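For reference, the structure is listed below as structure tokens.
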2 protein chains.
Amino acid sequence: MTDHKDKMLVLENFLPYRLSYLTNIISHQLARLYTTQFDITPHEWKILAILNRYPNISAAHAGEKTAMDKVAVSRAVKGLSEKNLLHKIFSPEDKRRSMLNLTGEGTKLFHKIAPLVTDYENALLAILTKQEQGQLSQILDKLTRHVTAVKP
Amino acid sequence: MTDHKDKMLVLENFLPYRLSYLTNIISHQLARLYTTQFDITPHEWKILAILNRYPNISAAHAGEKTAMDKVAVSRAVKGLSEKNLLHKIFSPEDKRRSMLNLTGEGTKLFHKIAPLVTDYENALLAILTKQEQGQLSQILDKLTRHVTAVKP
DNA sequence: TATTTATAGTTACAAATGAAACTTATTTCA
DNA sequence: TGAAATAAGTTTCATTTGTAACTATAAATA
């Protein structure tokens, strides 16, 4: 007759906890793939990847695409630039807006790292059936849409 | 005839990225539920929750249960202790091992915060069908087991 | 038993992160 | 126009976090 409707909070079953537990491990393992071999931070890697995909975008735009805040982007850009992996100019039309592009070296580094991380992703996906892969994708979309919907 | 088998890495479709994007948002929203109203950090909240569930465990044990490293646990314990939310003694048998318990105040605070975070979880789950909830749970288990399996 | 190895927890220092203030450039609109 | 508001990006400072070194105790072993 104790704990009648106490709906005890059990960390191990708590969805946000389970998600963050898994995600933290994945992020660490993924980072280790390139931080050990190459002198590049996770933030820098994100910018490298997004600029390979979308050349010539601004820092703000890169931030949107990667969900990084502008300070993090600024620092990553600076780091990449100092390593000659990225070239930054400001737009002649709007001298506030940056135009970011990978250098040849930056592109080369991207193509060294990309297979490592896609291999890692494939190993993850291989754990799941095709069906589960689809389910996960759909569920992530649903949840992401929900949590990003602006709250009053 | 270009990019024949280039399996381009597209951040937006990349599972680890999608996971971390979602998880970061959830973690932030969740933290906001208690950090604004109560003077408690996310680490402290985890320890509070695990001690409510498993009273009298050691710091090391609490760390295992929460996937926090021992430094983070030590700091959270210190913080909670300074706020009189937690009581720490060392075991008489093994004077290295701590025995942690919530104080009455700590327990009271837990019961104030718990419904806020479970409500948040329920709102998340409500987005999914019962079926999807089961699928997600199973998928998280599979992936977590995989990534935590020791690698040579 | 004396020495070493291992364990629990803390402390200290360095690196990463986040929030706010700041600079420069552009837009708005009174 | 020109003052005020907005926007992009950077810098600064405080906080958080992570790694390594350290202390104290207990266990292993020679």
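Note that the structure is predicted; figures quoted are calculated from it, not measured. Order of the sequence lines fixes the chain letters, A, B, ..., with proteins taken first and strands second; residue numbering starts at 1 for each chain.
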>> Heavy-atom nearest nucleotide on DNA chain C for B/Lys70 versus A/Arg75: which residue maps closer to 5'?
In response: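 The residue mapped nearer the 5' terminus is B/Lys70.
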
> Looking for any heavy atom pair under 4.0 Å, which part of the strands does B/Ser58 touch: base, sugar-phosphate only, or nothing?
Replying inline: sugar-phosphate

> Can you check whether B/Asp141 reaches B/Thr144 side chain to side chain, under 4.5 Å on heavy atoms?
Replying inline: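 B/Asp141 does not reach B/Thr144 side chain to side chain.
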
>> So, does B/Ser74 get its side chain near the phosphate of C/dT10, meaning an N or O under 4.0 Å from OP1 or OP2?
In response: yes

> Under 4.0 Å: is that the gap between some side-chain N or O of A/His43 and OP1 or OP2 of C/dT17?
Replying inline: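 Looking at the OP1 and OP2 atoms of C/dT17, one of them is under 4.0 Å from a side-chain N or O of A/His43.
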
> Considering heavy-atom distances to DNA chain D, does A/Val77 or A/His28 have its closest nucleotide positioned more toward the 5' end?
Replying inline: A/Val77

> What heavy-atom pair brings A/Leu116 and A/Lys112 nearest, and what distance separates the two atoms?
Replying inline: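 The pair with the smallest heavy-atom distance is CG-O, 3.8 Å.
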
> Taking all atoms of both residues into account, what is the closest heavy-atom pair of A/Arg53 and A/Pro55, and its distance?
Replying inline: O-CD, 3.5 Å

> How many angstroms lie between CG in B/Leu128 and NZ in B/Lys130, if you round to the nearest 0.5 Å?
Replying inline: 10.0 Å

> Between B/His61 and B/Tyr54, how do the two ring planes meet: parallel, tilted or perpendicular, split at 30° and 60°?
Replying inline: parallel

> chain B on DNA chain D: first and last contacting nucleotide, 5' to 3', under 4.0 Å to a heavy atom?
Replying inline: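 First-to-last contact on DNA chain D, by the 4.0 Å heavy-atom rule, is D/dT17 to D/dA26.
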
>> Salt bridge or not between B/Glu105 and B/Lys83? Use side-chain N to carboxylate O under 4.0 Å.
In response: no

> Should the pair B/Arg18-B/Glu12 be classified as a salt bridge under the 4.0 Å nitrogen-to-oxygen rule?
Replying inline: no

> Between atom CE in B/Met68 and atom C1' in C/dA8, what is the gap in whole Å?
Replying inline: 15 Å

> A/Lys78 has an atom NZ; how far is it from atom C1' of C/dA15, in whole Å?
Replying inline: 15 Å

> Taking DNA chain D as the partner, which of residues 82-100 of chain B come within under 4.0 angstrom of it by heavy atom?
Replying inline: B/Glu93, B/Asp94, B/Lys95, B/Arg96

>> If the condition is salt bridge (Lys or Arg N to Asp or Glu O under 4.0 Å), which residues does B/Lys142 pass it with, not counting sequence neighbours?
In response: A/Glu132

